[in-house]
Visitor: 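Pasting in a structure now, in structure tokens, and then I'll have a few things to ask.
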Amino acid sequence: GAGIAMSLAVLVTLLAISLSVIHNAMPIALLAVTGGYLSPVFLSTGQNAPWSLFSYVVLLNFVALGAGYFRRWRILDLFCFSGTALLYIAWFERYYSFPEQAAPALTFTTLFYVMFLTAPVLYSLVRGIPEGVQSLTLIIGNSLFWLFCYYQVLFEEYREALGLVALLQALLVFFIYLLWMRRVKDPTPTAQSLLVISLSLLTLVTPLWFHFYAVPLSWAVEGTVLLWLSFRFRSEL
């Protein structure tokens, strides 16, 4: 049966990830995570069950990202992001309908966004050590992909709500940027990317909340404030 088969598949995945951490063998972790993401596909009953599906993916990501944190496997983080994004796209294209499926779509989009925003910077924030290009790639890809997912769900019916989401994202990313500068104390490309993403999201809020002449006027005010801040903090960026 699908239930017993799924339980056994989860057990095998957990065992393989544990072995990968014990033996410091990332290929075993990649193989385990691949099986973990394929299990819902192979054992699907054809029914739409987003809460069960994505709750399983959340748990799988917690375990895999935990292993990636412990061993500093940033490639594993990217692999988890790719698998999660592919499963979400497959579900969205086949089952999503508004407004019935809006709640699970928004809930898990938010969870996955926060999860993959935190994963590439958590080690640096805890240890005060800069990250590499893999973390930078994940930060940028995560912000672009999940913002697009929010756009697909909210733009047509709840445009102002999408603006609020972008504002909250901007504040969250800026908060992480401040933590980074406090802990790492180094304006690395990762830190600069966090700042650029935050300011870009803030700029995006304007056309979502305002119309016509209010948009360029708001951007003019924002540009003036940013120019003043650049002199205040001596930041060319």
Visitor: Regarding T203 and E222, is there a side-chain donor-to-acceptor distance under 3.5 Å anywhere?
Guide: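 There is such a pair (donor and acceptor under 3.5 Å, judged by atom type) between the side chains of T203 and E222.
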Visitor: Counting only heavy atoms not in Y96 (residues, nucleotides, ligands), do more than 12 fall under 6.0 Å from its OH?
Guide: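 It does: Y96 OH has more than 12 such atoms within range.
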Visitor: Would you check if L65 and Y69 make a side-chain contact, meaning some heavy-atom pair closer than 4.5 Å?
Guide: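 Answer no - side chains too far apart.
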Visitor: Can you pull the side chain to side chain donor-acceptor pair (under 3.5 Å) pairs that have at least one residue in residues 191-200, sequence neighbours excluded?
Guide: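 Every candidate side chain to side chain donor-acceptor pair (under 3.5 Å) pair involving residues 191-200 fails, so no pair, neighbours aside, qualifies.
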Visitor: Which word best sums up how the rings of Y113 and Y150 line up, parallel for under 30°, tilted for 30 to 60°, or perpendicular for over 60°?
Guide: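 Rings of Y113 and Y150: perpendicular, over 60°.
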Visitor: To the closest 0.5 Å, what do you measure between CG (L14) and CG (L59)?
Guide: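 It is 9.0 Å, given to the nearest 0.5 Å.
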Visitor: Answer yes if V196 and L138 sit in the same cluster of Ile, Leu, Val, Met, Phe, Trp and Tyr residues linked by side chain heavy atoms under 4.5 Å apart, and no otherwise.
Guide: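 Looking at the clustering, L138 is in the same group as V196.
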Visitor: Does the side chain to side chain contact (heavy atoms under 4.5 Å, CB included) test come out yes or no for L78 and T137, once each step is laid out?
Guide: CA-CA 8 Å; L78 284 169; T137 302; 4.2 Å; yes
Visitor: Looking at T110, is its backbone amide N or carbonyl O close enough to the side chain of W146 to form a donor-acceptor pair, meaning the two atoms are under 3.5 Å apart?
Guide: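 Judged by distance alone, no pair lies under 3.5 Å.
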Visitor: Count I, L, V, M, F, W, Y as connected when their side-chain heavy atoms are under 4.5 Å apart, and connections chain through other members. Are I75 and V33 then in the same cluster?
Guide: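 Both belong to a single hydrophobic cluster.
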Visitor: Is there a donor-acceptor pair closer than 3.5 Å between any side-chain N or O of R159 and the backbone N or O of L154?
Guide: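 No: the side chain of R159 does not pair with the backbone of L154.
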Visitor: Ignoring hydrogens and geometry, is there a side-chain-to-backbone donor-acceptor pair from W180 to L125 under 3.5 Å?
Guide: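 Checking the backbone N and O of L125 against the side chain of W180, no donor-acceptor pair under 3.5 Å is found.
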Visitor: Distance from L117 atom CG to L194 atom CG, nearest 0.5 Å?
Guide: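 Taking CG in L117 and CG in L194, the distance rounds to 7.0 Å.
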Visitor: For a side chain to side chain contact (heavy atoms under 4.5 Å, CB included) check, start with the C-alpha distance between L164 and L168, then their side-chain angles and the critical distance, and finish with the verdict.
Guide: CA-CA 6 Å; L164 179 61; L168 293 175; 4.3 Å; yes
Visitor: To the nearest 0.5 angstrom, please state how far the CG atom of N142 sits from the CZ atom of F116.
Guide: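 The CZ atom of F116 is 7.5 Å from CG of N142, to the nearest 0.5 Å.
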Visitor: Counting only heavy atoms not in F98, do more than 12 sit closer than 6.0 Å to its CZ atom?
Guide: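 Counting other residues, nucleotides and ligands, CZ of F98 exceeds 12 neighbours.
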Visitor: What side chain to side chain donor-acceptor pair (under 3.5 Å) pairs are there with at least one residue in residues 77-93, not counting sequence neighbours?
Guide: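 Residue pairs with at least one partner in residues 77-93: Y37-T84, N48-W91, N61-T84, R74-D77, Y88-T109.
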Visitor: Is it the case that one hydrophobic cluster holds both V121 and V114, taking links as side-chain heavy atoms less than 4.5 Å apart, direct or via other members?
Guide: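 Yes; V114 is reachable from V121 via cluster members.
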Visitor: For the residue pair L11 and L15, establish whether any side-chain heavy-atom pair is separated by less than 4.5 Å.
Guide: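 Not in contact.
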Visitor: Output the distance between atom CZ (F62) and atom SG (C80), rounded to the nearest 0.5 Å.
Guide: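 If we round to the nearest 0.5 Å, F62:CZ and C80:SG are 12.0 Å apart.
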Visitor: How about C149 and F92: do any of their side-chain heavy atoms sit closer than 4.5 Å?
Guide: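 Sidechains of F92 and C149: no contact.
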Visitor: Please report the closest heavy-atom contact between P40 and L53, naming both atoms and the distance.
Guide: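 Heavy atoms only, the tightest pair is CB-CD1, 3.6 Å.
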Visitor: Taking the ring of W51 and the ring of F108, is the distance between their centroids below 6.0 Å?
Guide: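 So the answer is yes for these two rings.
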Visitor: Side chains of V205 and F210: closer than 4.5 Å at any heavy-atom pair?
Guide: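 Sidechains of F210 and V205: no contact.
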Visitor: We want to know whether S97 and E100 form a side-chain donor-acceptor pair, criterion being a heavy-atom distance below 3.5 angstrom.
Guide: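 Yes, side-chain donor-acceptor contact under 3.5 Å.
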Visitor: Mind checking whether F54 and F112 have side chains closer than 4.5 Å, heavy atoms only?
Guide: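 Side-chain contact under 4.5 Å: yes.
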Visitor: If you measure from CG on L204 to CD on Q169, what distance do you get to the nearest 0.5 Å?
Guide: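 Interatomic distance, L204 CG to Q169 CD, rounded to 0.5 Å: 9.0 Å.
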Visitor: Return the OG1 to NE2 distance between T206 and H211, rounded to the nearest 0.5 Å.
Guide: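 Reported value, rounded in 0.5 Å steps: 12.0 Å.
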Visitor: Would you check if Q134 and P120 make a side-chain contact, meaning some heavy-atom pair closer than 4.5 Å?
Guide: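 Not in contact.
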Visitor: Side chain to side chain contact (heavy atoms under 4.5 Å, CB included) between W209 and S218: does it pass, once the steps are laid out?
Guide: CA-CA 10 Å; W209 275 358; S218 300; over 6 Å; no
Visitor: Minimum heavy-atom separation for L60 and G36, please, with both atom names.
Guide: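 In this case the closest contact between L60 and G36 is CD2-C, 3.7 Å.
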Visitor: Look only at the side chain of S230 and the backbone of L227, and say whether a donor-acceptor pair between them is shorter than 3.5 Å.
Guide: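 Confirmed, S230 side chain pairs with L227 backbone.
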Visitor: Any chance you could lay out the side chain to side chain contact (heavy atoms under 4.5 Å, CB included) test for F174 and L199, step after step, and finish with the verdict?
Guide: CA-CA 8 Å; F174 187 69; L199 295 178; 5.8 Å; no
Visitor: Could you state whether L43 and L86 fall into the same hydrophobic cluster, counting links through intermediate Ile, Leu, Val, Met, Phe, Trp or Tyr residues with side-chain heavy atoms under 4.5 angstrom apart?
Guide: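 No, because L43 and L86 fall into different hydrophobic clusters, even though each may have its own neighbours under 4.5 Å.
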Visitor: Quick one: closest heavy-atom pair of G141 and F81, and the distance?
Guide: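 Heavy atoms only, the tightest pair is O-CZ, 3.6 Å.
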Visitor: Could you report the tightest heavy-atom contact between V215 and P207, atom names first, then the distance?
Guide: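 Smallest heavy-atom distance, with atoms named: CG2-CA, 4.1 Å.
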Visitor: Looking at every heavy atom in both L201 and A166, which two are closest together, and how far apart are they?
Guide: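 Here L201 and A166 meet closest at CB-O, 3.7 Å.
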Visitor: Would you check if S20 and R71 make a side-chain contact, meaning some heavy-atom pair closer than 4.5 Å?
Guide: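 SC-SC contact between S20 and R71 ruled out.
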Visitor: More than 12 heavy atoms of other residues, nucleotides or ligands under 6.0 Å from OH of Y123: is that the case?
Guide: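 Counting other residues, nucleotides and ligands, OH of Y123 exceeds 12 neighbours.
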Visitor: If hydrophobic clusters are built by linking Ile, Leu, Val, Met, Phe, Trp and Tyr wherever their side-chain heavy atoms come under 4.5 Å apart, do L167 and I176 end up in the same one?
Guide: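 No; tracing contacts between hydrophobic side chains, which count when under 4.5 Å, never links both residues.
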Visitor: Can you name the nearest heavy-atom pair linking Y95 to G46, along with the distance?
Guide: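 Looking at all heavy atoms of both residues, the closest pair is OH-O, 3.2 Å.
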Visitor: Below 4.5 Å, heavy atoms only, C-beta onward: do W73 and F79 meet side chain to side chain?
Guide: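 Counting from C-beta outward, W73 and F79 never come under 4.5 Å.
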